[in-house]
Amino acid sequence: THTLKYFHTVSSGVPNFPEFVAVVMVDDVHISHYDSDTRRAQPRQEWMENVSAEHPQYWERETGNFMGAHQAYKAWIEILKPSFNQTGGEMSSPLHC
């Protein structure tokens, strides 16, 4: 049995911090990373670099998925800000699969 975890962090108005960061972990090992500054999903383990050999579109698909999640969370944070009387800040949402 293995555990796959996605952690998404969305921020608005936080200096020197990306608006969106995604971390993917398997069995508590950081295997890939995406942030809105680099706008690219990237492997964090050497063995994850080999994924593209068997699945050439994997990193492009992951990048697209995270870009979509970024836009969804960005819209969500704009909807929530008035409810909490916020103009900026950070919201974190762990997603367990």
Side-chain angles (χ1 to χ4, degrees):
T1 302
H2 297 281
T3 303
L4 173 65
K5 297 177 185 174
Y6 287 82
F7 295 93
H8 294 168
T9 299
V10 181
S11 62
S12 174
V14 178
N16 302 317
F17 194 79
E19 273 189 342
F20 179 77
V21 176
V23 172
V24 182
M25 299 181 76
V26 171
D27 298 335
D28 295 326
V29 175
H30 185 185
I31 65 164
S32 69
H33 175 91
Y34 171 91
D35 70 58
S36 57
D37 288 347
T38 64
R39 298 178 52 166
R40 187 95 185 119
Q42 299 175 337
R44 287 296 190 245
Q45 296 294 318
E46 189 175 324
W47 59 268
M48 279 299 289
E49 294 175 13
N50 300 331
V51 167
S52 27
E54 290 184 38
H55 306 282
Q57 303 302 317
Y58 178 81
W59 293 109
E60 288 79 16
R61 187 174 57 246
E62 283 293 280
T63 296
N65 289 340
F66 290 132
M67 289 175 113
H70 175 206
Q71 293 308 311
Y73 279 117
K74 192 173 178 178
W76 186 46
I77 203 169
E78 290 304 316
I79 291 167
L80 291 176
K81 273 198 255 183
S83 299
F84 294 99
N85 197 21
Q86 296 290 314
T87 57
E90 182 178 323
M91 300 174 74
S92 184
S93 172
L95 177 64
H96 300 280
C97 298

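Quick caveat: nothing in here was measured; it's all calculated off a predicted structure. Positions are given from 1, in the same order as the sequence printed here. The figures that follow rest on heavy atoms only: side chains count, while hydrogens, waters and symmetry mates do not.
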* Asked: Do V23 and K5 touch side chain to side chain, with heavy atoms closer than 4.5 Å?
  -> no
* **Atom of A69, atom of H8 and distance for their closest heavy-atom approach** => CB-CE1, 4.2 Å
* Whether Y73 and W76 hold their rings parallel, tilted or perpendicular, with breakpoints at 30° and 60° -> tilted
* CD (E78) with more than 12 external heavy atoms under 6.0 Å -> yes
* Asked: Would you say the side-chain atoms of D27 pair up with the backbone N or O of V29, donor to acceptor, closer than 3.5 Å?
  -> no
* Which pair of non-hydrogen atoms, one from W59 and one from V51, has the smallest distance, and what is that distance? -> NE1-CB, 4.5 Å
* **S11 to F17 - nearest heavy-atom pair and separation** => OG-CD2, 3.6 Å
* To do: Indicate yes or no: at least one non-hydrogen side-chain atom of H33 is less than 4.5 angstrom from one of V21.
  => yes
* Do H30 and F7 have side-chain heavy atoms sitting under 4.5 Å apart? -> no
* Side chains of L4 and V24: does their closest heavy-atom pair fall under 4.5 Å? -> yes
* Structure fact -> In this structure, CZ of R44 is separated from CE of M25 (nearest 0.5 Å) by 12.5 Å
* Asked: How many angstroms lie between atom CG of D35 and atom CD of E19, to the nearest 0.5 angstrom?
  -> 11.0 Å
* Asked: Are R40 and E60 ion-paired here, with the side-chain N under 4.0 Å from a carboxylate O?
  -> yes
* Structure fact -> For A41 and T63, the nearest pair of non-hydrogen atoms, with its separation, is N-OG1, 2.9 Å
* Does W47 belong to the same Ile/Leu/Val/Met/Phe/Trp/Tyr cluster as Y58, with side-chain heavy atoms less than 4.5 Å apart forming each link? -> yes
* Is there side-chain contact between E62 and Y34, with heavy atoms separated by less than 4.5 Å? -> no
* Specify whether F20 and H70 have parallel, tilted or perpendicular ring planes, treating 30° as the upper limit for parallel and 60° as the lower limit for perpendicular. => parallel
